[in-house]
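Note sheet for the following structure.
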Amino acid sequence: MRGRHGFTVIELLIGLAVGGVVLILAGAVMGQLAADAGRVVRVRDALDRRAEARAFLTSAFRSLQVGQGDDDNFLGSAQATEFTARMETARGWFEPRRLVLMGEGGRVLLRTVGEGAITLFEHVDGLEAQYLLTSGGSSEWLQGWHSPSTAPVAIRLILWWSEKERVESVSDTLLFVIGSRG
């Protein structure tokens, strides 16, 4: 009897079938990994944009000007805040700019009076601004502030996010301390 050298056709077909199944499963796993990596990048980018927006607002509120010029009054309602702040220009120096912070069309916008608007936050269901009257344990948060000569101690922005993956609304509270109060 002679020894067997090679594979039968059935053994080759079984090997090819097993290899094909392994390749299909590997492709599905790799596709899911690519989709998950893309989701991580999108979430990271969204968090970066939110952090940059918070830093920008912190800078604007710390450089707020009230009562130093003709148009340096502070106007605040639950839906919008209007104030003058010293903002950096494209040339690198700081100039007073009249700013309006407001919610519109699922976004929080910062409009520069006489110029355009930038989107600070996206996918926002709601925005509420509140204004701290004084510092201390018995201080009050007000729904509005209108003064030509003073600003509140701090501003609290409450944002309701409309994330697609979430069933219920998620809120975020941002607190900004005012620099000079006029």
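Not measured: the values here are computed from a predicted model.
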Any chain of hydrophobic side-chain contacts (each under 4.5 Å) joining Ile118 to Val124? yes

Would you give the length of the straight line joining atom CG of Leu159 to atom CZ of Arg50, rounded to the nearest 0.5 angstrom? 8.5 Å

Starting from the C-alpha separation in whole Å, work towards a yes-or-no answer on side-chain contact (heavy atoms from CB on, under 4.5 Å) for Met87 and Thr112. CA-CA 10 Å; Met87 303 303 296; Thr112 305; over 6 Å; no

Let me have the donor-acceptor pairs involving side chains of residues 100-109, under 3.5 Å, with sequence neighbours excluded, atom names and distances please.
from, atom 1, to, atom 2, distance (Å)
Glu104, OE1, Arg111, NH2, 3.2
Glu104, OE2, Arg111, NH2, 3.0
Arg107, NH1, Thr119, OG1, 3.1

Between Trp160, Phe56, Trp161, which is the residue that forms a ring-ring contact (aromatic ring centres under 6.0 Å, His included) with Phe121? Trp161

Name the atoms and distances for all side-chain donor-acceptor pairs under 3.5 Å in residues 14-34, with sequence neighbours left out.
from, atom 1, to, atom 2, distance (Å)
Gln32, NE2, Asp36, OD1, 3.0

Quick one: do Arg54 and Asp172 satisfy side-chain contact (heavy atoms from CB on, under 4.5 Å)? Show the steps, please. CA-CA 12 Å; Arg54 287 177 179 144; Asp172 193 6; 2.2 Å; yes

Interatomic distance, CZ@Phe74 vs CD1@Ile155, rounded to 0.5 Å, equals 3.5 Å

side-chain hydrogen bond (donor to acceptor under 3.5 Å, both in side chains) against Glu88, all qualifying residues, sequence neighbours excluded: none

In chain order, what residues pass the side chain to side chain contact (heavy atoms under 4.5 Å, CB included) check against Ser139, with sequence neighbours excluded? Leu132, Thr134

Could you list the residues that satisfy side-chain hydrogen bond (donor to acceptor under 3.5 Å, both in side chains) with Ser59, not counting sequence neighbours? none

Under 4.5 Å side-chain heavy-atom separation, chaining through any Ile, Leu, Val, Met, Phe, Trp or Tyr, what else clusters with Trp93? Say none if it is isolated. none

Please list, chain by chain and in numerical order, all residues satisfying salt bridge (charged side-chain N to carboxylate O under 4.0 Å, His left out) with Glu140, sequence neighbours excluded. none

For Val43, the other hydrophobic cluster members (4.5 Å side-chain criterion, sorted by chain and number) are Leu47

Quick one: side chain to side chain contact (heavy atoms under 4.5 Å, CB included) partners of Leu175, sequence neighbours excluded? Trp141, Ala154, Arg156

Taking the hydrophobic residues Ile, Leu, Val, Met, Phe, Trp and Tyr, and joining any pair whose side-chain heavy atoms are under 4.5 Å apart, which ones share a cluster with Leu75? none

Applying side chain to side chain contact (heavy atoms under 4.5 Å, CB included), name anything that partners Arg44, two or more places apart in sequence or on another chain. Val41, Asp48

Please name all residues satisfying side chain to side chain contact (heavy atoms under 4.5 Å, CB included) with Ala78, sequence neighbours left out, ordered by chain then number. Glu128, Gln143

If Ile, Leu, Val, Met, Phe, Trp and Tyr residues are connected whenever their side-chain heavy atoms lie under 4.5 Å apart, and connections chain through other members, are Phe83 and Leu133 in the same group? yes

